[in-house]
Structures are given as structure tokens and as C-alpha cells.
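Quick caveat: nothing in here was measured; it's all calculated off a predicted structure.
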Amino acid sequence: MNRVSKGVALALLALTLNACSSKPEEISKKATAEILYSQARNSMDLGNYSKAIRTLEALDSRYPFGPYKTQVQLDMIFSYYKTGDTAQALANIDRFIRLNPTNKNIDYVYFMRGLTNMQSDDYLFHDLLNIDRTDRDPQYSEQAFKDFEKLIKLYPNSKYAADARQRMQAIKNRLARYSIHVAEYYFKMNAWSAAASRAQYVLETFEGSPSREKALEIMAKAYKELGQKTLEDHALSVLKANYPNNSLLN
């Protein structure tokens with residue numbers, strides 16, 4: 001994203017935040033469940049998820065046993081997710097799972113749990129400014145991985161399973177990059193053995209990750225510092241076999 005686009009995006013975000021801070025429209029106390037749900041869906045279709053949430057919450061409060069109760073809960077989950085309110089999204093997800101464990105849409109709810117935890121590990125301003133923050137604590141990514149893994153285990157034929165598998169690979173790559181940051185930190189602190197061990201962990205745990213090349217580099221350099229010639233040569237041979245154009249080999 002170029003600087004102009006970033007500036008526009010940030011300006012739009014500021015306008016959105018300002019709009020959200022304005023006084024919300026009052027929801028009619030005489031509105032029927034059908035009218036309220038129609039209004040909520042219209043707000044969602046227009047991308048006004050904050051307004052949709054207010055209407056859905058009113059509907060859920062006034063008609064907790066109405067004909068739309070299950071769909072209202074599902075729409076609230078999605079709307080909270082879209083507004084970035086991950087805490088409320090997760091609270092509603094866990095509530096739905098607890099109260100509706102056999103619902104036909106339960107696989108979707110588990111999928112949304114994974115998406116929400118992924119979102120918790122994703123900072124808008126970092127993305128807009130192309131700042132790599134894979135060095136931060138990956139706890140939300142780890143939880144998202146578990147959510148998608150549970151979805152696939154419980155509902156292998158779910159229409160969300162393929163997407164979940166792809167996201168699990170993306171999470172693996174993110175976790176591998178985090179471990180590389182840790183290994184590099186150890187290396188800078190002259191903790192050669194710890195650096196090599198963390199890099200080895202990347203090789204053993206994150207098959208197919210682009211970070212494996214960097215892991216081999218760190219291992220080779222760390223073993224060299226440790227004077228472990230045999231291990232250094234082995235790391236370099238594996239590096240050469242898989243990444244023959246790596247600069248460390250020149």
C-alpha cells in the first residue's frame with residue numbers, strides 16, 4: 001500500500017471512529033420482532049454493523065424466545081467480529097456453543113471463534129503501515145489454531161473445513177516467524193545454544209514454512225560460534241540441498 005493510500009485509509013478510519021462516537025438513533029420501543037430484525041439485517045447489508053448490533057441487542061433483550069432468537073445470536077457474533085470487538089464476539093460465541101451445542105450452524109460458530117482469535121492478533125495500523133509485528137506474543141494465533149483444529153476434528157465435512165485448513169497453515173507461518181524472532185534475539189545475546197535450539201524447533205514443528213530457511217541459517221551460525229563443526233556442516237548441507245541460492249553458502 002503506497003503512502004497516499006495509507007493516508008486515505010487512516011483518514012477514513014478517523015471519520016468512521018468519529019461517526020461511531022455520535023449519538024446513536026433511538027430504537028422504537030413499539031417495534032415488533034419482525035421489524036427489528038428487518039432493520040438489523042438492513043444495517044448489516046449496508047455495512048453499518050455498529051447500528052446492527054444495537055438493534056440486535058434490543059431484539060435479543062425484548063424477544064429472547066422469539067422466532068429470530070437463534071439467528072439474532074449468529075448475527076450478533078458476526079457483527080461484533082466485523083466491528084473488531086473481539087471480546088464481545090468471543091463472549092457471544094461461547095454463549096452460543098454452551099446453549100446450542102447441537103445447532104446445525106455450530107460448525108460456523110467454531111469457525112468464527114477461530115477468525116475472531118486471528119483478528120485479535122491483527123493490528124490495523126500495523127497492516128496499513130506495513131509493519132511486521134510477528135515478534136509479539138502469539139497467544140491469540142495459538143488459540144485460533146486450536147479453534148480451527150477443533151472444527152476440523154469435530155466436523156471434517158463442514159463447508160468451512162477447507163478454509164480452516166488454509167488458515168491453520170497461515171498461522172503456522174506466523175508462529176514460525178515468531179520463533180525465528182526469538183532465535184535471533186538469543187543469537188544477539190550470544191546465547192548460541194538457545195538460538196540453535198529454537199531454530200531446530202522451527203524445523204521440527206513447522207513443516208513447509210518459509211521460515212525454515214532462516215532457521216537453518218541461524219543453526220549454522222550458532223553452531224559455528226559454539227565450535228561444533230559437525231553440526232554446523234550438517235546445517236549447511238541441509239541448507240544447500242533445500243536452498244542452494246542462500247547467501248550464507250556463497
Would Q200 and E204 count as having a side-chain donor-acceptor pair, cut-off 3.5 Å?
yes

Does T205 reach the main-chain N or O of V202 with its side chain, forming a donor-acceptor pair under 3.5 Å?
no

Quick one: does any side-chain atom of Q119 pair with a main-chain N or O of Y81 as donor and acceptor, under 3.5 Å?
yes

Would you sort out whether K172 and S209 count as a side-chain contact (heavy atoms from CB on, under 4.5 Å), showing the intermediate values?
CA-CA 7 Å; K172 279 186 177 181; S209 168; 5.9 Å; no

Is any side-chain heavy atom of R167 closer than 4.5 Å to a side-chain heavy atom of F145?
no

Is it the case that one hydrophobic cluster holds both M44 and I35, taking links as side-chain heavy atoms less than 4.5 Å apart, direct or via other members?
no

Taking all non-hydrogen atoms of both residues, which atom of S237 and which atom of H234 are closest, and how far apart?
OG-O, 2.6 Å

Are L115 and Y140 co-members of a hydrophobic cluster defined by side-chain heavy atoms under 4.5 Å apart?
no

Starting at OH of Y155, measure out to CG of L151 and round the result to the nearest 0.5 Å.
8.5 Å

Are more than 12 heavy atoms from other residues, nucleotides or ligands located less than 6.0 Å from atom CD of Q169?
yes

Same cluster or not: L231 versus Y186, using hydrophobic residues (I, L, V, M, F, W, Y) connected whenever any side-chain heavy atoms lie under 4.5 Å apart?
no

After noting the C-alpha distance and the side-chain angles of N190 and W192, does the key distance pass the side-chain contact (heavy atoms from CB on, under 4.5 Å) rule?
CA-CA 5 Å; N190 299 334; W192 318 121; 3.0 Å; yes

Between CZ of F96 and CE of M112, what distance do you get to the nearest 0.5 Å?
12.0 Å

Determine, step by step, whether E213 and N242 satisfy the side-chain contact (heavy atoms from CB on, under 4.5 Å) criterion, reporting the C-alpha distance in whole Å, the side-chain angles of both residues, the deciding distance to 0.1 Å, and the verdict.
CA-CA 8 Å; E213 181 176 4; N242 292 276; over 6 Å; no

Have S141 and R174 got a donor and an acceptor in their side chains that come within less than 3.5 Å?
yes

Please give me the minimum heavy-atom distance between A144 and I171, naming the atom from each residue.
CB-CD1, 3.8 Å

Reference residue I97; test side-chain contact (heavy atoms from CB on, under 4.5 Å); the match among N100, I93, L99
I93

Please test N117 against L90 for side-chain contact (heavy atoms from CB on, under 4.5 Å), starting from the C-alpha separation and ending with a verdict.
CA-CA 8 Å; N117 275 307; L90 288 173; 3.9 Å; yes

For the residue pair F78 and Y49, does the interplanar ring angle fall in the parallel (under 30°), tilted (30 to 60°) or perpendicular (over 60°) class?
perpendicular

Quick check: F111 with F148 (ring centres under 6.0 Å apart)?
yes

Does the ring pair (Phe, Tyr, Trp, His ring centres under 6.0 Å) test come out yes or no for Y160 and Y108, once each step is laid out?
CA-CA 7 Å; Y160 304 104; Y108 165 77; 5.7 Å; yes

What's the shortest heavy-atom distance between L236 and A220, and which atoms?
CD2-CB, 3.8 Å

Between R54 and D60 (salt bridge meaning N to carboxylate O under 4.0 Å), is one present in this structure?
no

Regarding R113 and D94, does a basic nitrogen lie under 4.0 Å from an acidic carboxylate oxygen?
yes

Mind checking whether Y185 and F187 sit in one hydrophobic cluster, side chains of I, L, V, M, F, W, Y counted as touching below 4.5 Å?
no

Answer yes or no: is there a side-chain heavy-atom contact under 4.5 Å between E232 and K221?
no

CG on L249 to CG on L216, rounded to 0.5 Å
10.0 Å

Taking atom CD of E225 as the centre, does the number of heavy atoms from other residues, nucleotides or ligands within less than 6.0 Å exceed 12?
yes

List the atom of S79, the atom of A52, and the distance in Å for their closest heavy-atom pair.
OG-CB, 4.1 Å

Could you check whether Q73 and N92, counting side-chain N and O atoms only, form a donor-acceptor pair closer than 3.5 Å?
no

Please examine the side chains of R212 and F206, heavy atoms only from C-beta on, and report whether any two atoms are closer than 4.5 Å.
no

In this structure, CD of Q88 is separated from OG1 of T116 (nearest 0.5 Å) by 11.5 Å

A195 to I218 - nearest heavy-atom pair and separation
O-CG2, 3.9 Å

Exercise: do S158 and D107 side chains pair donor with acceptor under 3.5 Å:
yes

Side-chain ion pair, K229 and D233, N-O less than 4.0 Å:
yes

Return yes when atom OH of Y201 has more than 12 non-hydrogen atoms of other residues, nucleotides or ligands closer than 6.0 Å, and no otherwise.
no

Assess, by modelled atom type and distance only, whether the side chains of D75 and Y37 contain a donor and an acceptor separated by less than 3.5 Å.
yes

Rounded to the nearest 0.5 Å, the NZ atom of K240 sits from the CG atom of L248 at a distance of 12.5 Å

Same cluster for L203 and V238 if Ile/Leu/Val/Met/Phe/Trp/Tyr side chains link at under 4.5 Å?
yes

S43 OG to L56 CG distance, which is reported to the nearest 0.5 Å
8.5 Å

Tightest non-hydrogen contact, residues Y63 and A31, listed as OH-O, 3.0 Å

